[in-house]
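These notes concern the structure reproduced below.
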Amino acid sequence: MEIFTQSGGEFLSRWGHYLSGVTWIGLLYYFNFVQVPSFAQFEAWPRTESIAKLVPRALWWFRWAAVLTVLSGISIMAFQPEEPLTNVDYFKIPQGISIATGVLFGLTMFANVWLVIWPNQRKVIASAQGVQAGREADPNAAAAGRKALLASRTNALFSIPVLFFMAATSHFVSRPGFEQSPESSDRLTYWIVILVMWLVLELNALGVLGGTGPSPIRKYLETHRATIIAGFILAAICYAMFEISFGV
Ligand code: HEM
């Protein structure tokens, strides 16, 4: 049966990657585009109740879907005939550079989920559950919520180029419009620009560049609308670099 061959394994991994990716990014967009603006309009009591009872369930699916997305992504690579997990040369051709770009931003999103969003949201949830049980709210909950928000908005921003490069790998950059053996100097220029943008955006998400408060350098994270626009601008710059570096 074809489904038990190597290509069947790659295909099943892709299917798992779609299912988990949709679950993860669907919930990410729900948090950013629906829940945060709605909670800002809620009265205190329904907001506390929602944080105590609804948010933990949503975050459970969110963080475990993130794990499955990474595992199924690695599984696709394990089954691919190009053997990207062991063949370094794959990452020198446009397909490999495209997937490496998506994976760079995707793994950063994964780290943001488990190391920033979840630990900080736990504090917010614990505080809300404490209030429901008749205790005082945790005075640190608001600061924790802000850290989680900045990382979550940055993930929404990163998801736009992630989906572009994930999809472009097999469906766009393997076509004749791209140089299939790019010069190492072109690869170097490409990666310097991508890595600088990635680093600046992630350091800003973590509050390393001047804290987590409102600031002109964090304006693109203050509303979900600004974040969506910034995501498309980031994807356009990344693609422009790709085209300049590897277009024929
Ligand atoms: C951030 C969340 C992610 C989302 C939403 C996502 C989504 C996608 C999508 C839509 C595709 C295109 C599938 C196709 O063309 O059939 C794809 C391909 C792929 N993704 Fe992801 N992905 C994510 C993260 C990751 C991560 C973290 C890894 C690896 C650790 C990964 C590895 C792959 C691989 C290997 C492919 C196949 C590329 C190819 O066609 O050769 N993805 N992903």
Side-chain angles (χ1 to χ4, degrees), residues 6-7 9-11 13-14 17-18 20-21 24-25 66 69-113 115 151 154-206 208-209 217 220 227-248:
Q6 183 179 352
S7 74
E10 185 189 339
F11 173 72
S13 307
R14 262 178 213 273
H17 201 55
Y18 297 149
S20 49
W24 176 12
I25 305 306
T69 305
V70 171
L71 291 180
S72 54
I74 294 170
S75 180
I76 300 175
M77 291 187 182
F79 281 108
Q80 276 177 327
E82 300 86 355
E83 302 181 339
L85 289 180
T86 50
N87 174 15
V88 181
D89 287 344
Y90 179 68
F91 296 100
K92 296 179 181 169
I93 62 170
Q95 273 187 279
I97 296 165
S98 171
I99 198 62
T101 309
V103 169
L104 169 75
F105 286 107
L107 286 179
T108 309
M109 290 170 63
F110 178 76
N112 283 340
V113 167
L115 302 178
T154 300
N155 274 10
L157 186 156
F158 283 167
S159 72
I160 296 174
V162 164
L163 280 162
F164 181 95
F165 284 100
M166 291 281 158
T169 300
S170 281
H171 306 289
F172 187 44
V173 301
S174 50
R175 309 232 166 118
F178 296 92
E179 171 57 62
Q180 292 305 311
S181 336
E183 302 280 336
S184 61
S185 56
D186 289 335
R187 285 187 273 123
L188 185 67
T189 318
Y190 173 80
W191 280 118
I192 289 172
V193 174
I194 299 295
L195 287 170
V196 167
M197 290 193 298
W198 162 78
L199 191 64
V200 170
L201 291 168
E202 181 60 14
L203 290 179
N204 205 22
L206 299 176
V208 177
L209 304 179
I217 59 162
Y220 65 93
T227 301
I228 294 169
I229 294 169
F232 280 102
I233 293 172
L234 177 64
I237 297 172
C238 291
Y239 175 65
M241 275 313 297
F242 202 97
E243 178 85 52
I244 291 166
S245 310
F246 314 122
V248 288

Please find the pair of heavy atoms, one from A230 and one from L157, that lie closest to each other, and give the distance. CB-CD1, 3.7 Å

Which residues pass the side-chain contact (heavy atoms from CB on, under 4.5 Å) test with V70, sequence neighbours left out? I74, L107, F110

Begin from the C-alpha positions of L188 and E183 and carry the test side chain to side chain contact (heavy atoms under 4.5 Å, CB included) through to its verdict. CA-CA 9 Å; L188 185 67; E183 302 280 336; over 6 Å; no

If you count the non-hydrogen atoms of other residues, nucleotides and ligands that lie under 6.0 Å from CD in E179, is the total more than 12? yes

For the atom pair CH2 (W198) and CG (L203), what is the distance rounded to the nearest 0.5 Å? 8.0 Å

Please step through side chain to side chain contact (heavy atoms under 4.5 Å, CB included) for the pair I76 and M166, ending with a clear verdict. CA-CA 12 Å; I76 300 175; M166 291 281 158; over 6 Å; no

So, the side chain of S245 versus the backbone of F242: is there a donor-acceptor pair under 3.5 Å, distance only? no

Atom pair CD1/CD of I99 and E82 - distance to nearest 0.5 Å: 11.0 Å

Would you give the length of the straight line joining atom CG of L201 to atom OG1 of T108, rounded to the nearest 0.5 angstrom? 10.5 Å

Any side-chain heavy-atom pair of I233 and Y220 under 4.5 Å: no

Using side-chain contact (heavy atoms from CB on, under 4.5 Å) as the criterion, list what pairs up with F11, not counting sequence neighbours. I3

Side chains of H17 and S75: closer than 4.5 Å at any heavy-atom pair? no

What distance separates F91 CZ from T101 OG1, expressed to the nearest 0.5 Å? 10.5 Å

Given side chains that start at C-beta, do those of F165 and C238 come closer than 4.5 Å, heavy atoms only? yes

Do T154 and M109 come close enough that some side-chain heavy atom pair is under 4.5 Å? no

Nearest atoms (heavy-atom pairs only) where T189 meets S185: OG1-O, 2.8 Å

Just so I know, are the side chains of I194 and F105 near enough to count as touching, which here means a heavy-atom distance under 4.5 Å? yes

Could you grab the distance from atom CG of N155 to atom OG1 of T227, nearest 0.5 Å is fine? 11.0 Å

What are the two closest heavy atoms between Y90 and P84, and how far apart are they? CD2-CB, 3.4 Å

Looking only at heavy atoms, what is the nearest atom pair of V173 and Q180, with distance? O-NE2, 3.4 Å

Taking the side chain as everything from C-beta on, heavy atoms only, tell me whether L195 gets closer than 4.5 Å to L104. yes

Please name the pair of heavy atoms, one in G231 and one in I160, separated by the smallest distance, quoted to 0.1 Å. O-CG2, 3.6 Å

Looking only at heavy atoms, what is the nearest atom pair of P161 and L234, with distance? CG-CD2, 3.7 Å

With rounding to the nearest 0.5 angstrom, report the CE to OG distance, M77 to S72. 10.5 Å

Please tell me if the side chains of F178 and I93 come closer than 4.5 Å, counting only heavy atoms from C-beta onward. no

Just so I know, are the side chains of N204 and I217 near enough to count as touching, which here means a heavy-atom distance under 4.5 Å? yes

Could you point out which residue of Y190, W191, Y239 forms a ring pair (Phe, Tyr, Trp, His ring centres under 6.0 Å) with F246? Y190

Check side-chain contact (heavy atoms from CB on, under 4.5 Å) between S170 and all other residues, then give those that pass, not counting sequence neighbours. R14, Q95

